[in-house]
Every structure is written in C-alpha cells, then in structure tokens.
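Take a look at the structure set out below.
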There are 2 protein chains.
Amino acid sequence: MPLGAPHERSDAARNRERLLSAARDLVAEFGAEALTMDALACKAHVGKGTVFRRFGSRAGLMMTLLSDSESEFQYGFMFGPPPLGPGAAAKERLIAFGEGRIYFVLENGELLKAAGAATRNRFDVPATKLSHRHMEVLLREAGIADPWVMAMSLTYALDPERIVDDVRVRGISPTRLTDSWRELITRLLPAA
Amino acid sequence: MPLGAPHERSDAARNRERLLSAARDLVAEFGAEALTMDALACKAHVGKGTVFRRFGSRAGLMMTLLSDSESEFQYGFMFGPPPLGPGAAAKERLIAFGEGRIYFVLENGELLKAAGAATRNRFDVPATKLSHRHMEVLLREAGIADPWVMAMSLTYALDPERIVDDVRVRGISPTRLTDSWRELITRLLPAA
DNA sequence: ATACTAAACGGACTATGGTCCGCTTTCTAT
DNA sequence: ATAGAAAGCGGACCATAGTCCGTTTAGTAT
C-alpha cells in the first residue's frame, strides 16, 4: 500500500485476504483461464463490487497474483549477479534477460496471458514498463540508434502470448526459443 | 467462395450483401471499435444468428472487411516489383516488407486490432500465416539458423496493436518505426 | 457513549460476444 | 406441381466483465 494512505479499514483488509486466498485456490484448482469474477466473489463470500473496487479489473487481479514472482525476476535483473544483473556487458545481459523472461513466462504463462488480455494498453502494466526501460538502457549502452523503439520491438518479441503459444500450441521447444533469442541479440549487437 | 461449394442459396447471398454493406457503413461512421454485432444485425435487418453463421465471430467479420486491402498488400510482396517483391536481396525485401506492413497497419489499424483481439491463436489468421511464411523464407535465404522462430519474433515486433499504440498513444512517428525496423534488419542480416 | 463521516459493501443491472434450436425458405428430384 | 431434404434464419438465451448506487460499517471527534 502506498505511503500516505490514510489507513486501511479492518473490513477492507479482511476482505482482501479472503479474496487473495480464494483466488489462489481457484487458480490452483482450475487454472487462471477458468477464473471468473463471479466465482471469486462467491467463493470469498464477498460482493462483486468489492472484487472490482479492490483490483479494478480481472487483469488487475492477475497482476496482483503475479506480483511476488514478478518482483523476484525484477530483482534478478536489477540487482542480482551477472550476467543477468549489473556487471556484465549489455549484450550478455540482454541475452540473459530474454532467457530468464522466457522461462518466467513459461512458469507463469496463464497468469500473464490473463493479465495482458482485455487490458487496453498492455504497456500500462508497470512490470512491462520496467522491462522495457531495462532493455532500453542496455540497447543504448550498446549503441542502438533508437533504443526506445528497439526495446519495444523486443518487448513484443517476448510477448507472453507468443511464447506460451509457441511452446504449448505450436510445439516449439523452450530451447529453440532461447537459442533464437541469443541469435537475435548476438547479431543485433555484434560489437560486444 | 471455395470451389465445390454446392450452391449458395439466394437468401444467403442477399443477406451477405446486406451485412457487408451495413458493416462498412457502421465502420465508416463510428469506427471499427464501436461496431457491435447486435447493432450490425439490427442495421442489416437480419437475425443475430445469421451474422454469426456468416462470419463465425467478430474477428471473422473484421477479416472479411479487411480482405481486399490485405490481398493487395499480399500481392505486392509476392508478385510485385522489387524491393518488396521478388528480385531483390532478402535483406532489402525484409526491410521493404516491414515498412510496407507498418504503413498498411497504420491505414487499417482499427480493423486489424479488432480482427486480432478476442481471437485465440492470432496465428490462425491466414494472412498472418502467410506473412510469417514469407519472412521465414527470406530469413532462411539470409542464413538465419532458425528462420521459423525468428520470423515469429519479427511477426510480433510488427504486431498491429504495437504499431498503432506506438503511433497513436505513445506519439512515436511512423518514420521512427520504419527507421528502427531498418536498423533491426540491417544488423540482423549483415552479410547482405 | 454518541454522533458523524467517509470508506467500503453487495448485488442488481448493463453491455456484448457468442450459442441454441424450432421454424422457414430454397432447391431438387420426381 | 409437389414433396422432401438440406440449408438458412432469427431472436431468446447464456456467460461474463464491469458499473451503479442505496445501505452498512469502521474509525474519529466530542
């Protein structure tokens, strides 16, 4: 909760816990795809309006559910050891970032797809902004002319829907994805 | 209509015309985003079931609406003059393809976004498959190790939602997009 | 303790994509 | 012309995300 928030009312806190717990149960049992807001409200013994006030939307709920694992990955590329974290060359860090991202998506794919779908402006997701900014900085360091736009191209190349569907629908192995990502970054940033 | 189709009944043909005409009117007047299937059925004086039998889904309708301009673009990169069409080097053709695609998306953005949204497996869209295949062939010709996967990365980099939002929401000029695409392909395929 | 206020609550309501199925129309074979 | 079959039709119906607003409740000031 943001600083300066006046005080969270006790009933609000209680309902938030109920909702998160019920949501985790439902996702564990039936998968994120199958979670409906009505079912969640019902299972948490809470009104539907409460669900939406708390999370804003289905996508917001999914992002909340993701935030722990997401924070962990973010910590990894911002403060962790090289080659993912600081200390390695931009090229190595980008390769490691893409590989990490691909495995992260494959672990949390359902949640990520659900968080991205039905969100206008997927880019408004804070985690997406942070990833984009990270790649932008590395690309600038590596001498790319328009790092902002290039980072956007790479962001979409790592789109959760793309990764999940490649692997689960089109039968591409994760290794092929990471190998191809490595080839992409290697050719994009040859000077090392 | 595909060969071997037994015969299109006259009432079916009449309703198809009515629907297409009504759909074009609605898109022209209110934009593709705002088109609802109920409104379309009503305006065409046709039942809702008829709309869905004809087009399958909202996305299917949008694809039908797109098919003329899409065919034109497809013709351009398959049979048209170089550098877009055959006769130029793979690298030049890829650069031209991306540029053409970016402008095509900016002209038909609403329809394309509407066609892609709400479609599971965006990749099932035939036009997308064709574009992917085209890039795959060019990438193989240029010596990319896994052209299928790389073509998928580039497909997502040219995602309609991405292009439209970059330009219309995030204020990036089309020129920056095409310049960055050129940089991407140039670095990706240096041997020319 | 009481009264007051702002926040939270809940569930009926709306919007919209998509499905279902009994009825109608067109075509064809006789 | 007639009858039968297959295709087409329409709109009631369903599922689900998201909104609205009158009611309840937790904190606070007296």
Side-chain angles (χ1 to χ4, degrees), chain A residues 1-2 4-20 22-23 26-27 30-65 113-122 124, chain B residues 1-2 4-20 22-23 26-27 30-65 113-122 124:
Chain A
M1 77 198 74
H7 205 70
E8 187 184 36
R9 263 172 56 165
S10 57
D11 52 349
R14 186 198 60 207
N15 283 335
R16 200 192 43 215
E17 286 318 309
R18 271 194 202 163
L19 281 166
L20 284 174
L26 287 173
V27 168
F30 304 106
E33 288 281 324
L35 183 145
T36 72
M37 301 307 261
D38 285 292
L40 173 58
C42 178
K43 171 138 186 163
H45 301 292
V46 140
K48 203 177 175 181
T50 303
V51 181
F52 279 88
R53 187 157 1 77
R54 192 72 54 201
F55 301 109
S57 68
R58 191 168 183 277
L61 167 68
M62 297 301 175
M63 284 193 276
T64 303
L65 255 27
K113 273 178 74 169
T119 302
R120 306 279 160 241
N121 286 341
R122 260 183 284 190
D124 283 350
Chain B
M1 76 197 73
H7 205 75
E8 186 183 36
R9 264 172 55 165
S10 57
D11 51 349
R14 185 198 59 208
N15 282 335
R16 201 191 43 211
E17 287 316 310
R18 271 193 202 165
L19 281 166
L20 283 175
L26 286 173
V27 168
F30 305 108
E33 288 279 324
L35 184 146
T36 72
M37 302 306 262
D38 285 293
L40 173 58
C42 178
K43 171 139 188 165
H45 301 292
V46 141
K48 202 178 175 180
T50 303
V51 182
F52 278 88
R53 184 157 6 74
R54 193 69 56 199
F55 302 108
S57 67
R58 190 168 183 276
L61 168 67
M62 298 301 176
M63 284 193 274
T64 304
L65 256 24
K113 273 178 76 168
T119 304
R120 308 277 161 240
N121 286 342
R122 259 183 285 190
D124 283 348

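In the text below, chain A, chain B and the rest are named by the order of the sequence lines, each starting its count at 1.
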| request: Give one of base, sugar-phosphate or nothing for B:Thr50, where a contact means two heavy atoms less than 4.0 Å apart. | output: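 Since a base atom lies under 4.0 Å of B:Thr50, the category is base.
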| Which part of the nucleic acid, if any, lies within contact of B:Arg54, taking any heavy atom under 4.0 Å across all strands shown: a base, the sugar-phosphate backbone alone, or nothing? |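 Sugar-phosphate, no base atom in range.
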Tell me: [atom1] of [X] to [atom2] of [N], nearest whole Å?
X: B:Phe52; N: C:dT16; atom1: CZ; atom2: P; result: 12 Å
X: B:Met37; N: D:dC13; atom1: CE; atom2: C1'; result: 17 Å
X: B:Asp38; N: D:dC14; atom1: CG; atom2: C1'; result: 13 Å
X: B:Arg58; N: C:dT19; atom1: CZ; atom2: C1'; result: 18 Å
X: B:Leu26; N: C:dT16; atom1: CG; atom2: C1'; result: 15 Å

| field | Nearest-neighbour nucleotide for the A:Asp11 side chain, C:dG18, D:dC9, C:dC9 considered | value |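 It is C:dC9.
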| message | Tell me whether the side-chain N/O atoms of A:Asn15 come closer than 4.0 Å to OP1 or OP2 in C:dC9. | response |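 So the side chain of A:Asn15 is within the cut-off, an N or O lying under 4.0 Å from OP1 or OP2 of C:dC9.
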| said: Tell me whether the side-chain N/O atoms of B:Ser10 come closer than 4.0 Å to OP1 or OP2 in C:dC27. | reply: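 Yes, because at least one side-chain N or O of B:Ser10 sits under 4.0 Å from OP1 or OP2 of C:dC27.
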| query | Do A:Lys48 and D:dA17 have a side chain to base donor-acceptor pair shorter than 3.5 Å? | reply | yes
| Any N or O donor-acceptor pair linking the side chain of A:Arg9 to the base of D:dT25 at under 3.5 Å? |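 Pair found.
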| said: For a quick test of reading the model, state the closest non-hydrogen atom pair linking A:Leu40 to A:Leu26 and the distance between them. | reply: CA-CD1, 3.8 Å
| Hey, are the side chains of A:Met37 and A:Leu61 touching, using non-hydrogen atoms and a 4.5 Å cut-off? | yes
